[in-house]
Amino acid sequence: MQDDTERLARLARAWSEAAAGYEDYFVPRFAPWVELAVDMVTEHPVPEGPVLVPCCGTFPELDLLAARLPGREIVGIDLSEGMVALARERTAAVPFADAVVGDAQTLDARWSGRCAAVVSVFGLQQIPDPVAAVGSWVDALRPGGRLSIVFWPDATESDGPFALIAALLRERFPAREEDSAWEDDLAAAVTGRGATLERDELPAFPMVHSSAAAYFDASAASGPLRALALSQDEDFMGDLRAEYLSRAPEGEWRHDPHARLITARR
Ligand SMILES: C[S@@+](CC[C@H](N)C(=O)[O-])C[C@H]1O[C@@H](n2cnc3c(N)ncnc32)[C@H](O)[C@@H]1O
């Protein structure tokens, strides 16, 4: 429990430090997955009720949702105050939208059975108990409501900067098998709460970095490596960067990572 509290506090601080750089570097590169997650909700008729966006970060989901579901209450929830501050720059321009600071693992009871949709992109893999989170998100849906989740699974590619960093981190922190075991339990978490699983896929899109160093530095300053950088000393991060660069290709680096998409209807 104490471990989870410390981990959440470090994560919140990391994402607050990262927020502005994340918006510049990662939001454009992650946009195809955000659009896919929103499409999965808005391509169907959705019932009345609010749309929740757990782990909204700077809230890139908002403009797409608001354009397709005008007049709808759309609420983003994020652990990080810095992320929510930037999300509020987006919500300020959208009537009935809001962004709030909170832990999205267990949604507030006021949402239970009321929501038209829950859409979450690239947050689930950071939540201490992702299976519990999915259960809570399904419980928030009203009958006919839609769940659309995109997250980074443990394995995202066989070749590319994500794979190289994952391999280097496994060498430094030998992965325990159960670290990613939760990924096998997500479908049952959906169906066990009375929802129907509609899609469980591994959508890939191309991504480009001007160099291997550009990706590493963006990740350590404003992306997924920020929390690690906060928990380790400068020598650790310097060694990691040096070994990564020694194994990475020269010049522009293109890759095709896959995320995992899970959609369901209650
Ligand atoms: C990679 S960002 C994704 C943001 C946005 N959905 C996007 O696609 O660009 C992940 C976000 O999840 C948030 N997050 C991580 N754990 C969380 C939790 N337990 N509750 C709420 N937000 C969380 C982080 O603060 C961060 O802003």
Side-chain angles (χ1 to χ4, degrees), residues 1 3-41 51-65 74-91 97-108 111 117-137 140 147-153 156 162 165 182 203 205 207 215 218-228 230 257 259-262:
M1 196 62 179
D3 274 1
D4 275 357
T5 309
E6 281 171 19
R7 190 177 147 197
L8 282 187
R10 189 166 65 235
L11 203 56
R13 185 180 147 209
W15 284 113
S16 288
E17 290 180 9
Y22 178 84
E23 173 69 20
D24 288 344
Y25 193 89
F26 290 96
V27 167
R29 288 173 172 80
F30 290 176
W33 287 280
V34 170
E35 184 157 4
L36 177 66
V38 172
D39 285 348
M40 292 297 104
V41 166
V51 174
L52 290 191
V53 184
C55 310
C56 64
T58 62
F59 218 166
E61 301 88 350
L62 178 63
D63 291 342
L64 293 170
L65 284 166
I74 305 173
V75 179
I77 303 165
D78 200 281
L79 205 55
S80 151
E81 290 187 9
M83 283 290 193
V84 168
L86 291 188
R88 288 199 173 134
E89 293 182 7
R90 283 201 164 92
T91 60
D98 198 5
V100 295
V101 176
D103 180 358
Q105 177 168 304
T106 308
L107 296 177
D108 192 281
W111 301 113
V118 174
V119 183
S120 187
V121 184
F122 294 145
L124 186 70
Q125 74 282 349
Q126 301 171 17
I127 288 180
D129 187 344
V131 173
V134 169
S136 172
W137 300 353
L147 178 69
S148 177
I149 304 172
V150 169
F151 68 93
W152 293 120
T156 56
F162 295 3
I165 288 178
W182 59 270
F205 292 102
M207 205 182 292
Y215 173 70
S219 186
S222 350
L225 287 181
R226 184 75 213 134
L228 179 73
L230 284 182
R260 184 165 163 200
L261 167 76
I262 290 180

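All ligand and atom numbering here is 1-based and tracks the order in the structure.
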What pairs meet the salt bridge (charged side-chain N to carboxylate O under 4.0 Å, His left out) rule with one or both residues in residues 18-31, with sequence neighbours excluded?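 Passing the test, one end in residues 18-31: E23-R90.
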Please classify the [X] to ligand 1 contact at 4.0 Å (heavy-atom distances, strictly less than): side chain, backbone, both or neither.
X: V34; answer: side chain
X: C56; answer: backbone
X: F30; answer: neither
X: P60; answer: side chain
X: V53; answer: neither

Under 3.5 Å between any N/O of [X] and any N/O of ligand 1: does that happen in this structure?
X: W15; value: no
X: F122; value: no
X: Y22; value: yes
X: L8; value: no

Around atom 12 (O) of ligand 1, find the nearest protein heavy atom and jot down its residue, atom name and distance.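 The protein heavy atom lying closest is C55 CB, 3.4 Å.
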Provide the closest heavy-atom pair for A140 versus V118 in the form atom of the first, atom of the second, distance.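 The answer is CB-CG2, 4.3 Å.
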Might you point out which heavy atoms bring A19 and T58 nearest each other, and give the distance in Å?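 Scanning both residues, the minimum pair turns out to be O-CG2, 4.0 Å.
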Is there side-chain contact between [X] and [Y], with heavy atoms separated by less than 4.5 Å?
X: L79; Y: L8; result: yes
X: F122; Y: P224; result: no
X: P257; Y: W33; result: yes

Pairing of E6 and R10 as salt bridge, 4.0 angstrom limit: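 Answer for the salt bridge query: no.
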Heavy-atom contact under 4.0 Å between W33 and ligand 1?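 No; W33 lies far enough from ligand 1 that no heavy-atom distance drops under 4.0 Å.
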Measuring from the heavy atoms of G102, does anything fall under 4.0 Å of ligand 1?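 Yes, G102 has heavy atoms under 4.0 Å from ligand 1.
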Could you give me the CA-CA distance, side-chain angles and deciding distance for S16 and S80, then say whether side-chain hydrogen bond (donor to acceptor under 3.5 Å, both in side chains) is met? CA-CA 5 Å; S16 288; S80 151; 2.9 Å; yes
Are F151 and W137, when compared by the centres of their aromatic rings, separated by less than 6.0 Å?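 Between W137 and F151, which both carry aromatic rings, the centre distance is not below 6.0 Å.
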Who's closest to atom 25 (O) of ligand 1 heavy-atom-wise, of D78, L79, V27?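 That would be D78.
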